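Data block below; observations after.
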Amino acid sequence: VTHDIPVGVIPRKLWNDFREPGLPDFDVSIYLPPLKTIKSVVERMKNLSNFVVIEANLNGEMNLKIETDLVSVATHFKDLGNPPWVNEDGTQGFSRARVPESMAEARVDIKKLLQFLAGQQVNPSKSICNIVSKRIVYFILLHEDVSLQYFIPALA
């Protein structure tokens, strides 16, 4: 599948007229394992379900899960680490108090997740997954001085 998307380059003199969109307060932020690893796991899961649950906690643990009437499959990642974030008041940490072991989760369309994973031709130096529980998953890919963001809404 090929998508032709028109792109207009904004002249540098107009950059100050644009601001990066605000991000919702997330429940959990976690570094991702290699994207190729996630992609191979999710490709196998797509044969069993149309949805995948992404869950993570503040102890550096992340799970990818699918559940159907016939089978439940989960892949567990440990020791991933959680990025340090600074709150608006300058303090270290998240805006909400959260128990480190509690999982934040979002159920997303597996095809949208695969579309994101298949489209990554660059090998980012860091990949971050932010989860707003039951609302949205957004990924930040960092490569040198470029940051790519990808949002996937959660499904009920």
Side-chain angles (χ1 to χ4, degrees), residues 1 3 5 18-68 71-156:
V1 174
H3 298 280
I5 302 170
F18 295 89
R19 275 190 274 161
E20 195 171 321
L23 301 175
D25 286 341
F26 45 82
D27 296 304
V28 169
S29 181
I30 191 166
Y31 289 116
L32 290 172
L35 295 180
K36 287 182 181 180
T37 304
I38 297 175
K39 182 180 176 190
S40 67
V41 168
V42 174
E43 280 178 337
R44 288 180 175 86
M45 288 180 165
K46 84 168 183 198
N47 296 324
L48 301 171
S49 177
N50 293 325
F51 310 102
V52 62
V53 174
I54 302 171
E55 62 179 13
N57 66 21
L58 297 178
N59 281 343
E61 300 169 340
M62 184 180 91
N63 301 324
L64 299 174
K65 302 189 311 187
I66 60 166
E67 292 183 14
T68 68
V71 69
S72 294
V73 178
T75 300
H76 306 278
F77 299 94
K78 295 184 186 291
D79 302 322
L80 297 176
N82 300 92
W85 292 97
V86 177
N87 293 329
E88 291 177 11
D89 61 4
T91 60
Q92 193 77 9
F94 293 91
S95 61
R96 297 179 210 157
R98 186 165 184 89
V99 177
E101 295 81 21
S102 70
M103 292 284 194
E105 68 175 44
R107 182 173 174 255
V108 298
D109 184 324
I110 204 163
K111 290 178 185 160
K112 288 184 180 174
L113 179 59
L114 273 173
Q115 187 177 24
F116 159 71
L117 295 168
Q120 299 316 310
Q121 301 302 319
V122 295
N123 191 18
S125 55
K126 286 187 181 167
S127 306
I128 300 171
C129 174
N130 299 311
I131 301 173
V132 180
S133 209
K134 301 189 185 331
R135 287 190 44 218
I136 195 166
V137 176
Y138 63 97
F139 300 95
I140 302 172
L141 304 181
L142 303 171
H143 183 70
E144 295 174 11
D145 59 347
V146 175
S147 145
L148 296 174
Q149 298 178 26
Y150 192 84
F151 296 79
I152 303 177
L155 304 168

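Along the sequence shown, residues carry numbers from 1. Predicted model, so just to flag it, every value in this text is computed and none were measured. These values consider heavy atoms only, across backbone and side chains, with no hydrogens, waters or symmetry-generated copies.
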Output all residues satisfying ring-ring contact (aromatic ring centres under 6.0 Å, His included) with Phe51, sequence neighbours left out; order by chain, then residue number. none

For a 4.5 angstrom cut-off between non-hydrogen side-chain atoms, does Val108 reach Pro153? no

Heavy atoms of Ile140 and Asn130 approach each other most closely as CD1-ND2, 3.5 Å

Quick one: closest heavy-atom pair of Ser72 and Glu67, and the distance? OG-CG, 3.7 Å

Take a 6.0 Å sphere around CG of Asp79 and say whether it holds more than 12 heavy atoms from other residues, nucleotides or ligands. no

Note, Val52 side chain near Leu113 side chain (heavy atom, < 4.5 Å): yes

Phe116-Phe139 aromatic ring centre distance below 6.0 Å: yes

Report the distance from atom CD1 of Ile38 to atom NZ of Lys36, rounding to the nearest 0.5 Å. 13.0 Å

Quick one: closest heavy-atom pair of Ile152 and Ile136, and the distance? O-CG1, 3.4 Å

Who passes salt bridge (charged side-chain N to carboxylate O under 4.0 Å, His left out) against Lys134, sequence neighbours left out? Glu105

If we only count heavy atoms from C-beta on, is the Pro33 to Met62 side-chain gap below 4.5 Å? yes

If every non-hydrogen atom of Lys126 is compared with every non-hydrogen atom of Tyr31, which pair is closest and at what distance? CD-CE2, 3.9 Å

Ile54 and Leu64: CA distance, side-chain angles, deciding distance, side-chain contact (heavy atoms from CB on, under 4.5 Å) verdict: CA-CA 5 Å; Ile54 302 171; Leu64 299 174; 3.8 Å; yes

At what distance, to the nearest 0.5 angstrom, does CG of Asp27 lie from CE of Met103? 13.0 Å

How far apart are the closest heavy atoms of Leu142 and Ser147, and which atoms are they? CD2-CB, 3.8 Å

Audit row: Phe77, Leu32, side-chain contact (heavy atoms from CB on, under 4.5 Å) steps and yes/no: CA-CA 9 Å; Phe77 299 94; Leu32 290 172; over 6 Å; no

Report yes if some heavy atom in the side chain of Ile110 is under 4.5 Å from a heavy atom in the side chain of Val42; otherwise report no. yes

So, do Ile128 and Ile30 sit near enough that their side-chain heavy atoms are less than 4.5 Å apart? no

Answer with yes or no whether the side chains of Glu101 and Asn57 bring together a donor and an acceptor at under 3.5 Å. no

At what distance, to the nearest 0.5 angstrom, does CD of Glu55 lie from SG of Cys129? 11.5 Å

Can you confirm whether Lys111 sits close enough to Lys46 that some side-chain heavy atom of one is under 4.5 Å from a side-chain heavy atom of the other? no

If you look at every heavy atom in Ala104 and Ile131, which pair is closest and at what distance? O-CD1, 3.8 Å

Are any side-chain N or O atoms of Asn82 and backbone N or O atoms of Gly60, one a donor and one an acceptor, separated by less than 3.5 Å? yes

Do Val73 and Met45 come within less than 4.5 Å of each other through their side chains, counting heavy atoms only? yes

